[in-house]
Number of protein chains: 2
Amino acid sequence: MSTPSSPARGRPARLNQARTVRTALDLLNESGLDALTMRRLADAMGVQAGALYRYFATKQDLLTAMAEHMVGGVADATGPAGDDDWSEEVARLARALRTALLAHRDGARVYAGTHSTGPNTLGFADGLIGVLRAAGFSDGEAARALYTVSHFTVGHTLEEQAALRPEDGGPANAGVLREAVVEAGTYPHLAATLPVLTSTDFTAHFEFGLRLLLDGLRAVRR
Amino acid sequence: MSTPSSPARGRPARLNQARTVRTALDLLNESGLDALTMRRLADAMGVQAGALYRYFATKQDLLTAMAEHMVGGVADATGPAGDDDWSEEVARLARALRTALLAHRDGARVYAGTHSTGPNTLGFADGLIGVLRAAGFSDGEAARALYTVSHFTVGHTLEEQAALRPEDGGPANAGVLREAVVEAGTYPHLAATLPVLTSTDFTAHFEFGLRLLLDGLRAVRR
DNA sequence: ACCTGAACACCGTTCAAGT
DNA sequence: ACCTGAACACCGTTCAAGT
């Protein structure tokens with residue numbers, strides 16, 4: 001974090017961290033992660049690429065700030081009055097994370113490639129662990145359940161967004177898989193389940209996995 | 001797949017797909033994914049970078065072949081006589097996938113970034129779905145369970161390997177998280193569970209998540 | 001204090017030309 | 001048929017110098 005010193009002497013800054021992150025997220029939505037370069041971002045802000053390094057020490061730092069911004073509000077995905085049972089609260093948080101990642105092109109890829117310790121990321125983690133601790137899970141169970149839910153959610157959304165990209169995995173992916181399975185003729189179980197495997201109802205896939213995790217947590221709790 | 005035509009006329013080839021993939025995996029282990037460039041790989045093979053494009057149309061194709069090679073043998077991770085119950089078979093397959101990804105530096109990152117339709121990847125998928133179908137799960141349940149198990153396993157291993165890298169997430173990560181949580185003073189649940197959250201017993205984390213999924217599958221099956 | 005201009009050390013990929 | 005050499009169109013990052 002290379003925040004320029006506070007007293008506003010000299011020229012008024014044309015750049016700042018917040019505006020840079022917002023512009024970067026706009027550019028991400030328009031062009032995708034592969035096209036998000038420091039030069040193009042600088043261009044979009046009417047500045048030279050080197051100038052960005054006054055606000056972010058590395059591109060990785062910028063991506064981390066973008067990831068943190070993307071999950072803003074996810075931690076607030078708690079029950080209206082908190083009278084929901086714990087499994088519905090966990091489901092709400094997981095769904096909110098997926099939705100937040102889906103809200104930006106390549107959102108899951110950006111999130112998976114960074115490790116924010118900002119308030120949005122930590123707030124989500126604290127909230128999820130808090131729900132489970134309140135429900136009687138041990139510290140170890142609650143912490144590990146956070147990891148399981150997070151890894152599943154990010155892993156799922158990574159695939160979901162990859163399947164939407166034209167280059168790799170797009171509408172083509174289903175065809176490629178079908179072709180490979182049929183051509184080989186040696187994968188009876190893949191052949192039998194192809195309609196489900198190539199379904200684009202990603203919400204159904206996500207909800208199935210989420211249900212497994214919640215049922216698993218119920219079983220663990222005895 | 002740009003396999004050069006079969007009849008061996010002209011010069012004997014110094015390059016081929018199999019040797020290139022093996023050398024690339026060696027280089028990956030030595031230097032990591034970020035240092036795996038077409039130029040460095042060509043160098044390691046005593047050739048110019050452009051020559052690689054006779055065997056792989058793009059770097060992405062090379063990475064896909066590497067991913068496919070990495071998970072060789074994972075599909076064979078089935079019971080010694082097949083007399084195990086289905087949940088132990090699924091566990092075996094999931095553990096074998098994690099182990100295969102861990103066997104190469106940045107293995108999960110390579111795997112997550114590609115979509116192989118080779119026999120190792122499809123064999124794993126077919127095997128896992130087959131175990132579940134034989135156990136009485138519906139086609140839809142079996143196919144979706146494959147996705148859930150895969151996404152969790154890859155997501156987990158992605159984090160596990162990120163935590164082992166020095167630059168981002170290494171031994172430093174635990175410290176960074178602790179610092180952020182303590183400094184803010186507003187994350188009681190993270191503070192309480194910090195010892196578990198920063199534990200480097202990744203096998204325990206993985207086994208917990210796997211157990212949730214298997215218990216969830218048992219519940220789904222009624 | 002903030003940004004420009006220009007450079008450094010690279011990338012993935014293409015393709016005429018050599019052997 | 002297989003590979004070289006050289007180029008094209010980029011990258012992230014640094015840093016003296018301007019204002």
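In this text, all values refer to a predicted model and were calculated from it rather than measured experimentally. Every chain is numbered from 1 and lettered A, B, ... according to where its sequence line falls, protein lines coming before strand lines.
What separates OH of B/Tyr53 from P of C/dG12 is a distance of 6 Å, to the nearest Å. Distance B/Gln60 CD to C/dG12 P: 12 Å, rounded to the nearest Å. Look at CD on A/Gln17: it is 16 Å from C1' on C/dA1, rounded to the nearest Å. Taking atom CG of residue B/Leu52 and atom P of nucleotide C/dT14, one finds them 13 Å apart after rounding to whole Å. Protein atom OH of B/Tyr55 is 9 Å distant from nucleotide atom C1' of D/dC3, rounded to whole Å. Distance CG (A/Leu62) to C1' (D/dG12): 12 Å, rounded to an integer number of Å. When the C1' atom of C/dC2 is taken as reference, atom CG of A/Asn16 falls 13 Å away, rounded to whole Å. For the pair A/Asp61 CG and D/dT13 C1', the computed distance is 13 Å after rounding to whole Å.
Atoms OH and NZ, on B/Tyr53 and B/Lys59 in that order, are 8.0 Å from each other to the nearest 0.5 Å. The distance from atom CZ of B/Arg109 to atom CG of B/Leu158, rounded to the nearest 0.5 Å, is 8.0 Å.
A salt bridge links B/Arg95 and B/Glu207; the closest N-O separation between the charged side-chain nitrogens and carboxylate oxygens is under 4.0 Å. In this structure, A/Arg144 does not pair ionically with A/Asp139, as no charged nitrogen and carboxylate oxygen lie closer than 4.0 Å. Ion pair B/Asp126/B/Arg133 not flagged as a salt bridge, since none of the NZ, NE, NH1 or NH2 atoms sits closer than 4.0 Å to an Asp/Glu carboxylate oxygen. Using a 4.0 Å cut-off between charged side-chain N and carboxylate O, B/Glu30 and B/Arg105 make no salt bridge.
Not less than 6.0 angstrom separates the ring centroid of A/Tyr147 from the ring centroid of B/Phe208.
Residues passing the side chain to side chain donor-acceptor pair (under 3.5 Å) test with B/Glu160, sequence neighbours excluded: B/Arg98, B/His156.
Counting only N and O atoms by type, the side chains of A/Glu159 and B/His115 include a donor and acceptor under 3.5 Å apart.
For the P atoms, the distance linking D/dA9 with C/dA9 amounts to 23 Å, nearest Å.
For DNA chain C, runs of at least 3 consecutive pairs of the Watson-Crick or G-U wobble type, with both hydrogen-bonding distances under 3.5 angstrom, map to C:4-8 with D:12-16, C:12-16 with D:4-8.
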Write out a two-atom table: protein N or O, nucleotide N or O from nucleotides 4-11 of chain C, distance below 3.5 Å.
from   : atom 1 : to      : atom 2 : distance (Å)
C/dT4  : OP2    : A/Gln48 : N      : 2.6
C/dC11 : OP1    : B/Thr37 : OG1    : 3.4
C/dC11 : N4     : B/Arg39 : NH2    : 3.3

